[in-house]
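The figures that follow rest on heavy atoms only: side chains count, while hydrogens, waters and symmetry mates do not.
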Amino acid sequence: MSNITLFNSSNVPAFARNNELSDTAKALTGGGAGVSTKRISIKGGVFRLVAGGKEITSIEDRHLDVVIVRAAPKVSRIFYAGAYDADKIVRPECWSNDGEKPDASIESPQNKTCMGCPQNEAGSGMGNSRACRFQQRLAVVLANDLEGDVLQLTLPATSIFGKEDGDKRPLQAYARFIAAQNPPVNPEQIVTRMKFDTKAESPKLFFQPVRWLTDDEYPAVVAQSESDDAKKAVTLTVAQADGVKAPAMNIAGAAPKAVPKTQPVTELFEEEEAAAAPAPKATKAKPAADADDEPEVRKETAKGAAVPAKKSKLADIVSDWDDE
């Protein structure tokens, strides 16, 4: 019996039909993280396709057409401590999937709740910003490959909040715009174009509607939205998606402590170019930001050059996944 025949769904015994990876399987595949999630990164203002923490290719185009098949129900929060390393994805010290309390898996959370956390105070990050950052996790599929891989997209606060300017809309403004149509439009029913804000100093996306899905395309998107890959994409942190292992435990069995409050905290968000050190605090009070524009965009010390794309056609790019 060939391997293909052996594992054909019609030959799976009853006890294995609802299988999940066992601890034994996880150990033999290289650790407890399990299978990594493929994702889209916007690091350096370039669309990059990443699998298992490895960049597969980058896309030369300044826009990318996708269908948003699933979104995390709430904006999440994430906190990193330590020095920024543009070439390394590290596990965050603390994060929250609902923006209200730390994830239950964190052994040493920064605080019991996000609201009263010292990392959520203005000035704990760069300049007058917060060290704990907002994120929005999406599950998307490429518009020209609706039945292909579900990809995680983790957006920084600058791509989530803010007011629309003509047809330039951050994520929440875009969602409100299509929801206000008659009849209301759901993101999973249309093709969405993501475009970089070329005037922004750190990677920032705008969103635009392109077209309705056809009656033949829509069932495939519905199936993708209910897939395990889509559910993982809106739940896992970038480090978890890339299969980054947990930090080593010390002799006492406790995870390494976060950076003390007295040490400058450098903002670490994988999709933003972080400065090497905090900027000096301003002597004059800054005007209050708009409620829709919560994040403070900081200036970069140096902007990484975009990796030139070897392939510009999305159909060719998608084929790269088959080599993984």
**OP:** Give, for atom OG1 of Thr198 and atom NZ of Lys204, the distance between the pair rounded to the nearest 0.5 Å.
**Re:** 10.5 Å
Original post:
Between CG of Leu142 and CD of Glu147, what distance do you get to the nearest 0.5 Å?
Top reply: 13.0 Å
Compile the donor-acceptor pairs under 3.5 Å between side chains in residues 223-231 and protein atoms, sequence neighbours left out, one pair per line.
residue	atom	partner	partner atom	Å
Gln224	NE2	Leu146	O	2.9
Gln224	NE2	Gly148	O	2.7
Ser225	OG	Val222	O	2.6
Ser227	OG	Gln224	O	2.7
Ser227	OG	Ala230	N	3.2

Original post:
Taking a hydrophobic cluster as the set of Ile, Leu, Val, Met, Phe, Trp and Tyr residues connected by side-chain heavy atoms closer than 4.5 Å, whether directly or through intermediates, do Val69 and Tyr218 fall within one such cluster?
Top reply: yes
Original post:
Taking the side chain as C-beta and beyond, is there a heavy-atom pair between Pro109 and Phe79 under 4.5 Å?
Top reply: no
Subject >> ring pair (Phe, Tyr, Trp, His ring centres under 6.0 Å) partners of residues 102-132, not counting sequence neighbours, each pair once >> reply: none
Subject >> Hydrophobic cluster identity match, Leu155 and Ile178, side-chain contacts under 4.5 Å >> reply: yes
**OP:** Apply side chain to side chain contact (heavy atoms under 4.5 Å, CB included) to Val191 and Val66, showing your working.
**Re:** CA-CA 6 Å; Val191 172; Val66 300; over 6 Å; no
Original post:
Transitively linked via ILVMFWY side-chain contacts under 4.5 Å: Phe134 with Phe207?
Top reply: yes
Original post:
Do you know which two heavy atoms are closest between Gly116 and Thr113, and how far apart they sit?
Top reply: N-OG1, 3.6 Å
Original post:
Do Val234 and Tyr174 sit in the same hydrophobic cluster, where Ile, Leu, Val, Met, Phe, Trp and Tyr count as joined when their side-chain heavy atoms come under 4.5 Å apart?
Top reply: no
Subject >> Listed once per pair and sorted, the ring pair (Phe, Tyr, Trp, His ring centres under 6.0 Å) pairs that draw on residues 38-75, sequence neighbours left out >> reply: Phe47-Phe196
Subject >> Criterion side chain to side chain contact (heavy atoms under 4.5 Å, CB included) on Arg130 and Arg77, from CA distance to verdict >> reply: CA-CA 11 Å; Arg130 297 172 175 86; Arg77 305 207 65 150; 3.8 Å; yes
Original post:
Could you give the distance from OG1 (Thr154) to CD1 (Ile42), rounded to the nearest 0.5 Å?
Top reply: 9.5 Å
**OP:** Only counting residues at least two apart or in another chain, list the ones meeting side chain to side chain contact (heavy atoms under 4.5 Å, CB included) with Ala71.
**Re:** Gln136, Leu138
Subject >> Euclidean distance, Leu151 CG relative to Lys38 NZ, rounded to 0.5 Å >> reply: 8.5 Å
**OP:** Determine whether Val210 and Thr192 make a side-chain contact, defined as any pair of heavy atoms from C-beta on separated by less than 4.5 Å.
**Re:** no
**OP:** Kindly state each residue pair satisfying salt bridge (Lys or Arg N to Asp or Glu O under 4.0 Å) with at least one member in residues 185-196, sequence neighbours excluded.
**Re:** Asp65-Arg193
**OP:** Flag the pair Glu100 and Lys74 as a salt bridge only when some basic side-chain nitrogen lies within less than 4.0 angstrom of an acidic carboxylate oxygen.
**Re:** yes
**OP:** Examine distances only and state if a side-chain atom of Ser124 and a backbone atom of Gln119 form a donor-acceptor pair shorter than 3.5 Å.
**Re:** yes
Original post:
When rounded to the nearest 0.5 angstrom, what distance separates CG in Asp149 from CZ in Arg39?
Top reply: 14.5 Å
Original post:
For the side chain of Arg137 and the backbone of Leu236, is there at least one donor-acceptor N/O pair under 3.5 Å apart?
Top reply: yes
Original post:
Once you round to the nearest 0.5 Å, how far does CZ of Arg176 lie from CG of Leu171?
Top reply: 9.5 Å
**OP:** Would you please name every residue forming a salt bridge (charged side-chain N to carboxylate O under 4.0 Å, His left out) with Asp165, sequence neighbours left out?
**Re:** none
Original post:
Hey, mind stepping through Glu93 and Tyr80 against side chain to side chain contact (heavy atoms under 4.5 Å, CB included) and telling me if it holds?
Top reply: CA-CA 5 Å; Glu93 273 64 39; Tyr80 294 90; 4.3 Å; yes
Subject >> Side-chain (Ser41) to main-chain (Arg48) donor-acceptor, under 3.5 angstrom >> reply: no
Original post:
Are Val141 and Ile56 connected in a single hydrophobic cluster, I mean Ile/Leu/Val/Met/Phe/Trp/Tyr linked by side-chain heavy atoms less than 4.5 Å apart?
Top reply: no
Original post:
Okay, side chain of Asn120, backbone of Cys114: is any donor-acceptor separation there less than 3.5 Å?
Top reply: yes
Subject >> For Thr235, all residues meeting side chain to side chain contact (heavy atoms under 4.5 Å, CB included), sequence neighbours excluded >> reply: Asn97
Subject >> Phe206: partners by ring pair (Phe, Tyr, Trp, His ring centres under 6.0 Å), with sequence neighbours left out >> reply: none
Original post:
What's the shortest heavy-atom distance between Pro156 and Pro203, and which atoms?
Top reply: CG-O, 3.9 Å
Original post:
Who passes side-chain hydrogen bond (donor to acceptor under 3.5 Å, both in side chains) against Lys168, sequence neighbours left out?
Top reply: none
Subject >> pair Gln172-Val75: side-chain heavy atoms closer than 4.5 Å >> reply: yes
Original post:
What residues, two or more places apart in sequence or in another chain, satisfy side chain to side chain contact (heavy atoms under 4.5 Å, CB included) together with Asp167?
Top reply: Arg169, Gln208
Original post:
For Pro187 and Val67, which heavy atoms make the closest approach, and how far apart are they?
Top reply: O-CG1, 4.2 Å
Original post:
Can you name the residues that form a salt bridge (charged side-chain N to carboxylate O under 4.0 Å, His left out) with Asp103, not counting sequence neighbours?
Top reply: none
Subject >> Heavy-atom donor-acceptor pair, Asp98 side chain to Lys101 backbone, under 3.5 Å >> reply: yes
Original post:
Of all residues at least two apart in sequence or in a different chain, which pass the side chain to side chain contact (heavy atoms under 4.5 Å, CB included) check with Gln181?
Top reply: Phe177, Val185
